[in-house]
Each structure stands twice: as structure tokens, then as C-alpha cells.
Chemist: 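Once you've had a glance at the structure underneath, I'll fire off some questions.
In what follows, every chain begins at residue 1, and chains take the letters A, B, ... in the order their sequences are listed. Predicted model only: the values in this text are computed from it and were never measured.
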Number of protein chains: 2
Amino acid sequence: MEKKFVSAKDVAKLANVSQSTVSRVFTPGASVSEKVRRKVLEVAEELNYRPNALARGLINKKTNIVGLAMKDIQNPFYHEVLGMFSMKLREKGYNVLFVYTKNEEIQQEEINHFLEYNVEGIIITDALLSSNVVAKIHDNNIPITLFNRYHKDIPCNSVSSDNINASKEIASYFYEQGYRDIVYITGKINTSTNKDRQKGFIEYLKEKKIEVTILEGNYTYEKSYYLTKKMIENGHRPEAIFGANDITAIGALDALREKNISVPEETAVIGFDNIKMASWPSYMLSTWVQPIEKMVDEAIHLLLNNDRVNSPKAVKLKGKFIHRNTTK
Amino acid sequence: MEKKFVSAKDVAKLANVSQSTVSRVFTPGASVSEKVRRKVLEVAEELNYRPNALARGLINKKTNIVGLAMKDIQNPFYHEVLGMFSMKLREKGYNVLFVYTKNEEIQQEEINHFLEYNVEGIIITDALLSSNVVAKIHDNNIPITLFNRYHKDIPCNSVSSDNINASKEIASYFYEQGYRDIVYITGKINTSTNKDRQKGFIEYLKEKKIEVTILEGNYTYEKSYYLTKKMIENGHRPEAIFGANDITAIGALDALREKNISVPEETAVIGFDNIKMASWPSYMLSTWVQPIEKMVDEAIHLLLNNDRVNSPKAVKLKGKFIHRNTTK
DNA sequence: ATGTATTTTGCATACGTATGCAAATGAAGG
DNA sequence: CCTTCATTTGCATACGTATGCAAAATACAT
């Protein structure tokens, strides 16, 4: 039982045409008479022939592959992102070469495979890479887009929410409600998402002469849960908590619930992301919606239509606040 | 600014050797003198050369690509699975071509891309495909492994938990505890995972002359939450609930909590999967652990070492019960 | 029918790599 | 130094497809 691969030559033979003609039938816009086209398609169908994407890629330098590297994450937000990328790229005729990483900073070695397969672009979500890795990739003329991360020293495109203004709006909301004892539970502190959310939030309130209590979390439920619990046990029962993402907010929420602190009456809570879980009846978490679809669209657009690698753009998209039951 | 692709020929020229020699340097086990190898590697490094995987695949018929199709899922269980597959395949030198689907039954069109890229195997998680699609794939001599699904009419390998015996053990646990008013909240009813869990559970209890109450869910939190709530409002407060997966069980748990029914005193709850969330302090859900790592290992082994496509194996692996706070 | 414009087709070659084969080089032994 | 044998190297070709070019076939106008 041989590895039986059907090639254009096989089809050509059976259809009494040349291999070139078969190729043209499968090349949009190429010149083939209607009669021959039908004949070839018929034979192709019969032999179950499909053009070999590898050979095609070799000639065209068009592999139709995009590399997607995603960091080890608990956050369901990124699962939605992954699904969205997969669907959208497929619609545009691209395939996804997927790599899952545990490193906050993607290593050269993890990217090399992308280069070997001549991917037409690389998307990196929830992680960074060093600038010399970026340089190497750009040497090969391959565009990169960071999703939901950016860094001034990393010269490549990025797409994210406008975290600063989003968290300012959240701060403003708390302020308007009359809250003065306000807590921010951070995400991983060295991430750009957290930095910006923290910055916008704190700055706004500083202008109002309010000092925010910072609890240093790491974007996980557990950490946030224990931080909140300990805070309460220490006698601190704030009026409002902003969690750096929904998981964080939910952890806080569960801690509050356990301590029988009523939400939103005694303490209001707001998250960030609008993951599915946020709308579960038992949580009904007020949160900030990241416009995933727009972000993904923009990331793909940036990746595939950037004429110039040298002028990296940092796109920030605006989301919106969703009021549910954890705010008044 | 041209697309500057560095080929073996470029390296050859600069290193004063033939292209063949360069190739041999990058082909494990090929014969090259130590002196030449060093020289070539040095030049390769300098030019940032890496062998083109597409051209390699063309010749070798070894693309080192595995196709992975995953169904639209909320279930965090599958995120862990995805991560595991990605890591394990990478360790073995394979790359993952990823497709996200919304169809319960994978369509030919979604698989075609895999075939075009000459993937060496296809893994399908949480979904099925029709037997004629399987036939077409096997025509190309490409192995398939279903993960956590199987069907008697689909002639391909599969790996899953031993769902029947697992749920029998859960039933037995409930029985030993003296529970007689027992509820099973189903997953999507036409899935093999649900069918087997339901079957094992019901059969065991039927032998004990116990009639299980069936609530028809669909593996989502919302559905389970509303079913449970309605049941309670109808005056039915069972002694024990088995949710077809953790998300289902958590939905039930939240409904019980809202109705102020104490868990596990008044009602015990068990889930299935052992997702991260099950160990969150606010849930501490007793559940059945699926041995993800073993399952993934086995799936990969089955996929890549199956000498005969014609004798599909259905591997079922045993998990174990984890006792937390939702059972006595 | 003839000539011209247009479309369709096949030939040959290229993409970047791997490999059988033979030539070249080196090592070893007398 | 010559012979024999092992190792290393280059040449040529193949993988499956796309495409420029010229030949062939068709369409059209007269």
C-alpha cells in the first residue's frame, strides 16, 4: 500500500491535456477553454485531486499560512480571540500555524518554525518578544502584529484596547457614584495591559485627590480571591473594586460573597474583558467590553496590508462599559 | 526592497561548497566532514539561513504538520487539551495547523486545507465527521484520531475517558451515600461523551432499582443553571446531582446556592473534567478527573504510529474521582 | 476562401531541497 | 610510492506546481 499522492500530472494524463493546463484550471484568472476546464475538473474530482499547497507556496512565495503564538493563559478572553482569529483568517484564505507558549517573552526557537514554513505573518497574543528576535523576523520580511501587548522598544504593529481611557472611564464612574475608598487589583504587573489600566485608573483619581489602594495580583482568580479575602479580614471594606480583568474581578466577587459583603450595595465591582462568565446569572458582572471582533479585524488588516515594516503602528480601539448587577 | 529569501544555494556559494553539502549539513545522519560542517554552519548563521520546510516536505513527503480541528467550545477543558497537544506535538517535532469549527460534524471543506498541506495526521476534538469524509482522508493515507468522541460508523482511531465506568463509579458513590433521589443533567445529548456518561450512570442505578431524573442540558452553564432553578421551583430538591461536565455542575451549583440549598448537606453535586474552575475556592467541586496528559499522549501515539489504518482502535483511559466540598 | 486578431495550449524552466551515483579525496597498510 | 578501502563531495535529477514564451487552435472580418 503505497503513499498514493495524486498530482496534476496524473490528472493531465487522464484528461489528455498537459500538466500546465491542469494547473491553469486551478489558478483563478488563468486562460482555459470551458470545455477543457470541465473535463479537467471532472477527472480531478474522480481522482480526488487537490493542488499541493507546499509546491504552490514554493513557487508563489504565497504560503497562505499565518503563524499564531499564544501564551499560556487561563483567561477565557483569549479563547474567544483564538476562535475569532481562526475564523477570520480562514475567511481570507489563510491557515493558522499555532503555537502555544508558556513564556512571557516568546523565544527565537518558538518562532523559527514559523520562518521555516514561510508564514506570511505572525500574530502574537498576550506575550512579547525581544527586539532582536523581531529584527530577525523582519530580516525575512515577515510582518508581526502584537495582540493586546505592546512595548516601545519593540518595533512592530500592535492592536489593543484603549486601556488607559477605558480605565479612566471606569474611575470616573466610581467617582461619580461618590465612592472614595477604591481598590485596584492588578494583573501581571509587567504587562502593558495592566500598566495602562492601572495608569488610567490611578491618574484619573489622583486628579480628584483620591488615593487608590493597589493590590498586586497576576490576572488569576486565586490570587485575586485571596488578596480580597485578606483585605477584608484586615478590616478594609472598600466601596469599590476594579479588577484588571474579569477573572480577577470574579475572584474578588467570590471573596466578597464569602464574607457576606453585599454587592453592589456595600462594595461595587467592575471587571475588564466581558468574558462569557461575566454574564453568568450568578455573577452578572459589570465590566468593560473589549471589541474583540474589531480588534481581530484590525490585527489581521495590519498584518497583511502593511506596506512598510518600518513604521509600526500601535492601534488602540475603544470598547464600552456594560452595566450589570455588580454596580449600582 | 525585495523579498529576500536565503536559500541553501546562497550559503553554498559563500562557503565554497555545493548546495548538496549544505543540505547534508542540515540532514541528520548525512555524511559531512567536521571541517566543512563547521564552515557551513557558520555561514548559515551569518546569513540567517534555515532550510525551507515547504521544499523539504515536497521531497520527503514529511511535512511535520499535524492538523488539529477543534469545535466551538466554551468548555475550558478543551483549552487545556489544546495547550497539551501543542506542547506535546512540538516536542515530537510536529507543528500544528489549527482549525476552529462550529460544526458538530466537521465538513469536508474544513478538512481540505489539511490535505492540501499534506498533513501527516489529523486530530479532531469534540466533533465528529461523516464516514465518507473519513474515507476521502484515508484515501490520501492520512490517519485520523478522534479525541473524546467516537462513533461506531466512523472507522478511525479514538481516544477518550472510560466514561461509562467513570459514571458508574459516580453512581456507586451516590448510592453508597444512601442517596435515592438523584438527578443527571445531560450534556449535548447526541455526543458520545454524554451518551456514555448517561448510560453508565443510569444503568448502575437501574440495577439498584433507582430511577434517575434526567434533565436535558447541552454542556452549557446557562442551560444547567436554568434547569436546576426550575426544578427547585417546581418543588423538587434532589439529594444528589451529577452534571455531565464541570460547567454543567457549576451551573447547577450556582442555582442551588441561589435557592439557599446547602451543598453537600442537602444536595450533593459531582461534575466531570476537573477544569481549573472546579478547584476555585468558591466552588470546590467534587469531580471526575480526565487524565488529559495520558489521553493526549495516547492520541498522538495512535495517530503517528498506526501501521494499519484499517483496524481502528478505540482507546479508553481511566480517570479518577476527586473529592472536594460538594460531596460528603 | 484568406488573412488577421484572439484565445488556448504545451514546452521548458524555476522554486528550494534531498539523494543516488560516481568522482574525488583522504586514510591505512605494505 | 602504490594499492585498497572508506569517507566526503559534487553532479544531476526529482518532488508538484506556476508561468513566460511560442506554437496551435479558434474566432472573426472581409
Chemist: Between atom CG in Asn140(B) and atom C1' in dG16(D), what is the gap in whole Å?
Modeler: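 So the two atoms are 15 Å apart, to the nearest Å.
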Chemist: I'd like to know if the side chain of Asp196(B) reaches the main chain of Thr193(B), judged simply by a donor and an acceptor atom lying under 3.5 Å from each other, with no hydrogens or angles considered.
Modeler: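 No, the answer is negative, given that no donor and acceptor are paired below the 3.5 Å cut-off.
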Chemist: To check you understand the geometry: which heavy-atom pair defines the closest contact between Ile122(B) and Leu303(B), and what is its length?
Modeler: O-CD1, 3.4 Å
Chemist: Provide a list of protein-nucleic acid N or O atom pairs under 3.5 angstrom, restricted to nucleotides 19-27 of chain D.
Modeler:
residue	atom	partner	partner atom	Å
dT19(D)	O4	Ser20(A)	OG	3.1

Chemist: Less than 4.0 angstrom between a side-chain N/O of Lys61(B) and OP1 or OP2 of dG16(D), yes or no?
Modeler: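 Yes.
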Chemist: With a non-hydrogen cut-off below 4.0 angstrom, is Val17(B) in contact with a base, only sugar-phosphate, or nothing?
Modeler: sugar-phosphate
Chemist: May I ask you to say whether Arg149(B) pairs ionically with Glu104(B), meaning some side-chain N is under 4.0 Å from a carboxylate O?
Modeler: yes
Chemist: Roughly, in whole Å, what's the span from CG in Leu58(B) to C1' in dA14(D)?
Modeler: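 My rounded result for the distance is 9 Å.
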Chemist: Do any side-chain nitrogens or oxygens of Ser18(B) fall under 4.0 Å of OP1 or OP2 in dG10(D)?
Modeler: yes
Chemist: Roughly, in whole Å, what's the span from CZ in Arg56(B) to C1' in dG16(C)?
Modeler: 11 Å
Chemist: Looking only at the side chains, is there a donor atom on one of Gln108(B) and Asn112(B) sitting less than 3.5 Å from an acceptor on the other?
Modeler: yes
Chemist: Counting just side-chain N and O atoms, does Lys62(B) come under 4.0 Å of either OP1 or OP2 of dA18(C)?
Modeler: no
Chemist: Side chains of Thr21(A) and Ser18(A) only: does a donor on one sit below 3.5 Å from an acceptor on the other?
Modeler: yes
Chemist: Salt bridge check: are Glu293(B) and Lys88(B) linked by an N-O gap of less than 4.0 Å?
Modeler: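 Yes, charged N to carboxylate O under 4.0 Å.
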Chemist: Nearest heavy-atom pair of Ala299(A) and Thr145(A): which atoms, and what distance?
Modeler: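 Looking at all heavy atoms of both residues, the closest pair is O-OG1, 3.8 Å.
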Chemist: Among the nucleotides dG16(D), dG10(D), dC15(C), which one has an atom lying closest to any side-chain atom of Lys9(B)?
Modeler: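 Of the options given, the side chain of Lys9(B) lies nearest dC15(C).
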Chemist: Over its full length, what angle do the end axes of the helix from dA1(C)-dT30(D) to dG30(C)-dC1(D) make, each axis taken from five pairs and the result rounded to 10 degrees?
Modeler: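 About 30°, once rounded to a multiple of 10°.
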Chemist: For the residue pair Phe98(B) and Phe98(A), does the interplanar ring angle fall in the parallel (under 30°), tilted (30 to 60°) or perpendicular (over 60°) class?
Modeler: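 Ring orientation, 0 to 90° scale: tilted.
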Chemist: Nearest whole angstrom, please: distance from the C1' of dC15(C) to the CZ of Phe5(B).
Modeler: 10 Å
Chemist: Please list, for nucleotides 6-8 of chain D, all pairs of protein and nucleotide N/O atoms separated by less than 3.5 Å.
Modeler:
residue	atom	partner	partner atom	Å
dT8(D)	OP2	Ser31(B)	OG	3.3

Chemist: Closer than 4.0 Å, any side-chain N/O of Tyr117(B) to the OP1 or OP2 of dG16(D)?
Modeler: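 Result: no.
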Chemist: Strictly under 6.0 Å, is that where the ring centroids of Tyr49(B) and Phe26(B) end up?
Modeler: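 Here the rings of Phe26(B) and Tyr49(B) have centres that are less than 6.0 Å from each other.
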Chemist: Using distance alone, with no hydrogens and no angle criterion, decide if Tyr94(A) and Asn64(A) have a side-chain donor and acceptor under 3.5 Å apart.
Modeler: no
Chemist: Just how far, in rounded Å, is P of dC15(C) from CG of Asn52(A)?
Modeler: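 For the pair Asn52(A) CG and dC15(C) P, the rounded distance is 18 Å.
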Chemist: Do you know which two heavy atoms are closest between Leu58(B) and Asn52(A), and how far apart they sit?
Modeler: CD1-ND2, 3.9 Å
Chemist: Which heavy atom of Thr27(B) sits nearest a heavy atom of Arg56(B), and at what distance?
Modeler: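 That closest heavy-atom pairing would be N-NH2, 4.3 Å.
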Chemist: Can you measure Asp10(B) atom CG to dT17(C) atom C1' for me and round it to whole angstrom units?
Modeler: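 About 13 Å, once rounded to whole Å.
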